[in-house]
Amino acid sequence: MTYNLTEGCLETIMAGGDVSNPIIQILGMKKIQSGSSNKERFRLVVSDGKHTVSQAMLAAQNNEQILHAGDNTVVRVVRFISSAFNNQNSGKEQRILLLLEVDIVAPGNVVGRQIGSPVQLTDSKKNESAAPKKVPQQYAPKPNEVASTGYNYSGENNAPSLENQMVHPITSLSPYQNKWIIKARVTNKSAIRTWSNSRGEGKLFSMDLVDSSGEIRCTAFREQVDKYYDYVQVDKIYFISKCQLKAANKKFSSLKNDYEMTTTSETIIQECQSDDTAIPTTCFNFVTIDKISNMEEGALVDICAICKNVSDVQVFQAKTTGRDLTKRDVALVDQSNTSINLTLWGNEALSFDGINNPVVVIKGAKIGEFGGGKSLSCLSSTLMKINPDIPESFRIRGWYDQVGCNENVVDISAKSGLSPFSSPWLSFKEVKDKGLGNGDKADYYQTMATILLMRSENLTYKACPTESCNKKVIDLENGMFRCEKCNREYPNFKYRLLSSINMADWSGNTWVSTFTSEAETILGMTAQEVGEQIENNSEAAANIVERVNFKQFVFKCRAKMETYNDEARLKTIAVEVKPVHFKEYNNYLIGRIKQLMS
DNA sequence: CCCCCCCC
């Protein structure tokens, strides 16, 4: 077992410099008198493999664990202070190293030996380096140490190991300073993509890097794709240095960083062997689904949601490129009681398993807009995790299983009448203002409306009795009925309904045509019952329609502009009539109020 | 140096 001590760190520290989480070895411990305090204190001899320092003290709270671990213990120093004081005898400045917080990497009995051949850090050395306030130095490791570990993948074969050097937080990186090393976890790696345009062609891939300070995207082009693509693995930690930084384009990345980086031929990427839990996994900036209705098309978002439904895989040809595309739609819902459609492509579409309503966490999905509804689409750079072990995931699992599965949701992807989702809620005024029905195709919407008047004239008609044929028949007045469509005469017919209804919502009123099925729902009678009553009593039609005045329903409407005598008029047909589901309707209203307030 | 991510 090799322990990588942070070689040379003591020289830096004892000169007043900073080193992040240095790894050192404790060679010896000696109990000292602690003056006024009753607490035991220990003086340590510590080594970084290159130098030893005996002016080190252990903070009292660490005593027990270190005593127990014994001599030769290797520790990671999480917090330390190097405190300067003037030696009363010599008059020189000296420093004492106080170890405030340490993590044991390996106890003494496991290490079993002194690592390396450290020499005492001399006073002259300390004074020499104390002169200018030191920036950490670059320390070349012993050559065989890098070779033997075999995890070095750098620009040059004999590039120095970055392992024992000071690392910089990702958030500190900028184009103005190029001497840095980061220690970051790769949280996402794109597929390799090729491009070809007027400026040339090539290939690239990108990866997302995270440390405790933040995140950044790194892209590799051309020959660096070959060099790094297989080497770099998601979830592993790497030391990275010498990439080029430039301003990030927010359109293509949801990462919280104003910069992004590109590998160069100078770049060094080295795997960090130990999994450091201090380096976080992916950093998400979740928004709730309801917020997406107010966000711009093209923006990228992170969401944590439950897969409520999945569509089958669909294959179609892209209009522009002619390529065969594979997709699958996933309906996602979260605690905002709002659902949105997420489109998966290619292999992700094929392999997606929506069984048991898994938690779906996505980072960097693109917001799309279609038919008035919002939707999400996965890009090649989008990270998707199913049932990840993160608090938000457990929280939404609990919510869905206990509450969410029974809630009614507002679907912000709602669009055309043919979609598996419901149509968008629009008021009659909005229908008018938005100019619905002016396109080539009909537009669909739903509204909660009150019936003001249902026309009784020609409420029923006699239709062909053949099940699939609803054509009006001609009464031959001899007990037979002729259907022109079927080119047949029948001894019977069936009643069908047809009526115009003037209906109003809060914003205005409009005339809507209804046919048999919807009129039956409104009237609460079958077409046959209506027809028979009218046949027996000519006054019946007026009475029947009068009963529905001021009744309220949710109407799903189909709107299409049509031309009568050179005059354009919006023709509206009720294609579905449902009783008002107040909980669902209130969800919609609450959603709109929230939209107005945000 | 890409930045296309497609369809209804």
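We use all heavy atoms of the structure for the numbers below, so side chains are in, but hydrogens, waters and symmetry mates are not.
- Side-chain nitrogen and oxygen atoms of A:Lys366 include none within less than 4.0 Å of the OP1 or OP2 phosphate oxygen of B:dC4.
- Within a 6.0 Å radius of NZ in A:Lys560, more than 12 heavy atoms belonging to other residues, nucleotides or ligands are found.
- Not counting sequence neighbours, the partners of A:Lys485 by the side-chain contact (heavy atoms from CB on, under 4.5 Å) test are A:Cys469, A:Lys471, A:Cys483.
- If you measure from atom CZ of A:Arg328 to atom P of B:dC5, you get 22 Å, rounded to the nearest angstrom.
- With B:dC2, B:dC5, B:dC7 as the choices, the nucleotide that has an atom nearest any side-chain atom of A:Ser380 turns out to be B:dC5.
- Considering only residues two or more places apart in sequence or on other chains, A:Glu223 meets the side-chain contact (heavy atoms from CB on, under 4.5 Å) condition with none of them.
- Counting atom types as modelled, A:Lys327 pairs a side-chain N or O with a base atom of B:dC7 as donor and acceptor under 3.5 Å.
- Counting to the nearest Å, the P atom of B:dC4 and the CZ atom of A:Phe252 are 5 Å from each other.
- Annotation: of the two residues near DNA chain B, A:Thr262 and A:Lys251, the 5′-most nearest-nucleotide partner is A:Thr262.
- Distance NZ (A:Lys203) to P (B:dC3): 16 Å, rounded to an integer number of Å.
- Remark: A:Asp401 engages A:Arg397 in a side chain to side chain donor-acceptor pair (under 3.5 Å) (not counting sequence neighbours).
- Between A:Ser377 and the phosphate of B:dC6, there is a side-chain N or O to OP1/OP2 separation shorter than 4.0 Å.
- Looking at residues two or more places apart in sequence or on another chain, you find no side chain to side chain donor-acceptor pair (under 3.5 Å) involving A:Arg222.
- Look at A:Arg217 and you won't find any side-chain N or O under 4.0 angstrom from OP1 or OP2 of B:dC2.
- The base of B:dC3 lies close enough to the side chain of A:Glu260 for a donor and an acceptor atom to sit less than 3.5 Å apart.
- By the side-chain contact (heavy atoms from CB on, under 4.5 Å) test, A:Ser507 pairs with A:Ser427, A:Phe428, A:Lys429, A:Asp505, sequence neighbours left out.
- For residues 187-198 of chain A, proximity to DNA chain B is found at A:Arg193, A:Trp195, A:Asn197, defined as any non-hydrogen atom under 4.0 angstrom from a strand atom.
- At the heavy-atom level, A:Lys319 lies under 4.0 Å from the strands shown only through sugar-phosphate atoms.
- Nearest heavy-atom pair across A:Gly437 and A:Leu570 is CA-CD1, 4.0 Å.
- Atom P of nucleotide B:dC5 and atom CD1 of A:Ile362 are separated by 17 Å, given to the nearest angstrom.
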